[in-house]
Every structure is written in C-alpha cells, then in structure tokens.
> 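One structure coming up, written as structure tokens, with questions to follow.
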Amino acid sequence: MSNLIKLSANHPTVAEIDLEAFNNNVKLLKQHANRSMLLAVVKTNAYGHGIVPISQEAVAAGADRLGVTTVEEGALLRENGIKKPIHILSSIAPRQAVDIVAYDLIPSISSLALAKAVSDAAVNQGKIHPVHLKIDTGLHRFGIDPATAGYFCEACYELPGLYWEGVYTHFPNADEGDWKTTEQQFSLFMNTVARLSDNGFHFPIHHVAGSTITLERPDMHLDMVRPGISLFGYTPAVRQEKMIALQPVMSLQSELIQVRELPPNTPVGYGGSYVTKSYEKIAIVPIGHGDGYKRSLVNKGKMLVGGRRVKIVGSISLDQTLIDVTNIPDASAGDEIILLGKQGNDEITARDIAGWMDSIVDEVVASLTERIRRVYVHGIG
Ligand SMILES: *Cc1c(COP(=O)(O)O)cnc(C)c1O
C-alpha cells in the first residue's frame, strides 16, 4: 500500500458503501422487472458510490447490462474486467466513435454524423457494432424527432458497420406522477417503433423504464428496464417508498475536530451569517463544499452527534463545516458525527438532506467528490 493511501485512511470523513444492501436492491428491482432484462444505471461514478465495485456487485446480483454516460466510465469498466454489455446513455461526439468500438460500448444514436462515425470505426476495426436508436418523446434533450425517424432510418439503417440492436426513449414527467403526459409519450414511442418496423427497420430490444416506470408501470417495462437511483436505496418519489423495501447503500460519517465555546453576539463563519444568541458551543467537522457537501445546507442542514440532531451554522467552507453542539453537554473532539445514516435512534436520510438543499436525492449522493474515501462493507463477491 502506498504511503498516501495509508495516510488518507486517517482522514475522519468516510463514505461507507454497503454492498449487501446494494445487492439486495438489485435483486428486488430484478423481481419487479419480471421477465424484462435489468440494465443497472451506474452513471456518474455510480451516483457517487464508486463505479467499479458497484458495477461488479451489480453483475454478481444479476444485472444483465450496465449503463453509463461517458466513454471514460465505460472504458474503466472494461479495464476492470466487466464483460456485460455497457450502454452509453448520453449523447457523445462523433470523434469518440473509435473508442466506443474499441471498448465495445453501445452508443445511443441520435445523429447521422454519429451513426456514420460509429459505422466507419467498426468497419476499420473489422467489426459490426451494436447501437441503440434514441427517440425524443418530450424530454427534448437529445434523440430523433418521431416525425422524422423514418427518414433518419432510411439514411443510416443500412450502414455496413452497424447492428441496430435496440430503440429507446426517456420520459421527463414520470417521477412527478404525470401519467397523462407519460402515457401520451409512451404511445408516441410505440407508434413510432411500429411504423419503423412496417418500413423494414427492426430493433429487437425496446426500453423506456427508469426507476419510476420500473416500480409503477409494469405495462411499460417492454424488453428491458433501466433503474438508477433506486439501486442505491431511494425511490425517485416519496409515494413509491411503500412499494419496495429498498435499503440506503451509502452512509457518511466524520468526527468532531474541535469544540469551542463562544460568548453571546459572536458572528460565526464567512459574512457572519450566524450570530450566537447565548454562550454556544460551536464545533468543526472536516467536510466542505469542495467535497460536494453543498453550501445551501448552511443554517438548514443537520448532523447527528451523540444520537441527537444538531444544526449546521454560519458557514460551509471548501473543507470545513461548523455545527452548534450547545445541547450536547459532553461533546468533544473525536466524537463520531453522522452526516448521512443512523446513530442511536435517529437517522438522517439522503431524502432529508435533499429537502434541506431544495434538491433531489441524486444530487446529494452523486455530488460527493472522489476526495471522500469510500469504504466498502459487507461485500459478498
Ligand atoms: C439516469 C437514467 C436512468 C435512470 O434513472 P433513475 O430515475 O435514476 O432510475 C434511466 N435511463 C436513462 C436514459 C438515464 O439517463
């Protein structure tokens, strides 16, 4: 072990990743998928959980395929021995086609330039490469307009280096439970695919389902489901929590570095945004917005010390956060702090933190930077 790895093990702030909880979540979602394939979405460093160990565990738990958003993430998985099909679920530049083919990654095709570049790269490397057509049914991020999908296929379906293995779309309003819009978009997708098929353009694998559709709409599972955030223990919407017994995979802990007693009327932190009302004990926790612990948590967020909730006050700087431990009589340096997870009878969930940040669970976990050490526990493999 290099000395740097050894010394980083002394840093008090650690994200613990429970691989057994993750494994259980994958299996539960696979049950929900019934007979459809399960593509485990592990984009953005597996929503902050660490893409390589999470992907290995996903495969061990029965995931049929993996989904990422950058070519680098896909290549990293290949270099770590992952053999399952890997999809790139975002739009990429045509010049990345050579790497796509070399690392055997399945791109989402939404432009003629990319289709041609992938075909050329495949022909040059002596391969026929699998690709999926992306249809835009209303997210308006990327994808082919349904009205022009026929022309698009006429222009590139027969390119010699391509195997059109699948067609898919992604819904913008499902998490909000807007079923009217989502059903319209689902029909648009199904009608488009049927029309293409009538014209000789076939795509064996059809897929539209993120976590919400996987949980709530078996009628839209089609050939494959693509859950992401739910693999990590959180349903996209609160209304879905009772539908499945997911377990949070990440917890985040640190320790009190120093506790100081400040007199009344003392400004605390940059800009003095917080002023003590009485004698207050203010403590430092070694995490900051440079680690992805967001500044919007100031004066709103809570942490657990001695089994009780305490408030973040004054400021979150790049590397340090201040908390008010006045009500924890014996709080002292070295005490364990839970930022995310359980302590005593209380628990702070990523949903709580998302509420304080006015954001979603995805941002809470995926924002944590590589600087925070991940420790993997309960690995089965
Ligand atoms: C991120 C993503 C998913 C997973 O979405 P969740 O809501 O996290 O389950 C599925 N499909 C595509 C195309 C995505 O980009």
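Atoms within a ligand are numbered from 1 in the order they appear, just like the ligands themselves.
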> So, taking the atom named CZ in Phe142 and the one named CG in Leu114, what distance separates them when rounded to the nearest 0.5 Å?
9.5 Å
> Can you confirm, on distance only, whether ligand 1 has an N/O atom lying under 3.5 Å from any N/O atom belonging to Gly210?
no
> Among all protein heavy atoms in this structure, tell me which lies nearest to atom 12 (C) of ligand 1, with the distance rounded to 0.1 Å.
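Nearest neighbour among protein heavy atoms for atom 12 (C) of ligand 1, to 0.1 Å: His170 CE1, 3.5 Å.
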> Could you say whether the N/O atoms of Asp362 and ligand 1 ever approach to under 3.5 Å?
no
> Which heavy-atom pair separates Pro160 from Val123 by the least distance, and what is that distance?
CG-CG2, 4.1 Å
> Would one find an N or O of Tyr168, backbone or side chain, under 3.5 Å from an N or O of ligand 1?
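No: no nitrogen or oxygen of Tyr168 is under 3.5 Å from one in ligand 1.
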> Could you walk me through whether His207 and His132 satisfy the ring-ring contact (aromatic ring centres under 6.0 Å, His included) test, starting with their C-alpha distance in whole Å, then the side-chain angles of each, then the deciding distance to 0.1 Å, before giving a yes or no?
CA-CA 10 Å; His207 51 111; His132 284 222; 5.1 Å; yes
> Please identify which of these residues, Arg351, Glu241, Lys242, meets the side chain to side chain donor-acceptor pair (under 3.5 Å) condition with Thr235.
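One option only clears the test, and that one is Arg351.
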> Taking all atoms of both residues into account, what is the closest heavy-atom pair of Ile316 and Tyr293, and its distance?
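Between these two residues, the closest heavy atoms are CG2-O, 3.5 Å.
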> Considering non-hydrogen atoms only, spot the tightest contact between Ser230 and Leu29 and give its length.
OG-CD1, 3.5 Å
> Nearest 0.5 Å please: distance from the CD1 atom of Ile284 over to the CD1 atom of Ile323.
10.0 Å
> For atom 9 (O) of ligand 1, grab the closest protein heavy atom and report residue, atom and distance to one decimal in Å.
Ser211 OG, 2.5 Å
> Any idea which protein heavy atom is nearest atom 2 (C) of ligand 1, and the distance to it?
Lys43 NZ, 2.6 Å
> Please verify whether a non-hydrogen atom of Pro227 lies at under 4.0 Å from ligand 1.
yes
> Which ligand 1 atoms, with their elements, are less than 4.0 angstrom from a heavy-atom of Ile229?
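Counting atoms of ligand 1 from 1, those under 4.0 Å from Ile229 are 6 (P), 8 (O), 9 (O).
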> Does an N or O anywhere in Ser230 fall below 3.5 Å from an N or O of ligand 1?
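Ser230 vs ligand 1: no N/O contact under 3.5 Å.
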> What are the two closest heavy atoms between Pro286 and Ile257, and how far apart are they?
CD-CG1, 3.5 Å
> Specify the protein heavy atom at minimum distance from atom 11 (N) of ligand 1: its residue, its atom name, and the distance to 0.1 Å.
Arg226 NE, 2.9 Å
> With only distance considered, is Tyr47 within less than 3.5 Å of ligand 1 through an N or O on each side?
yes
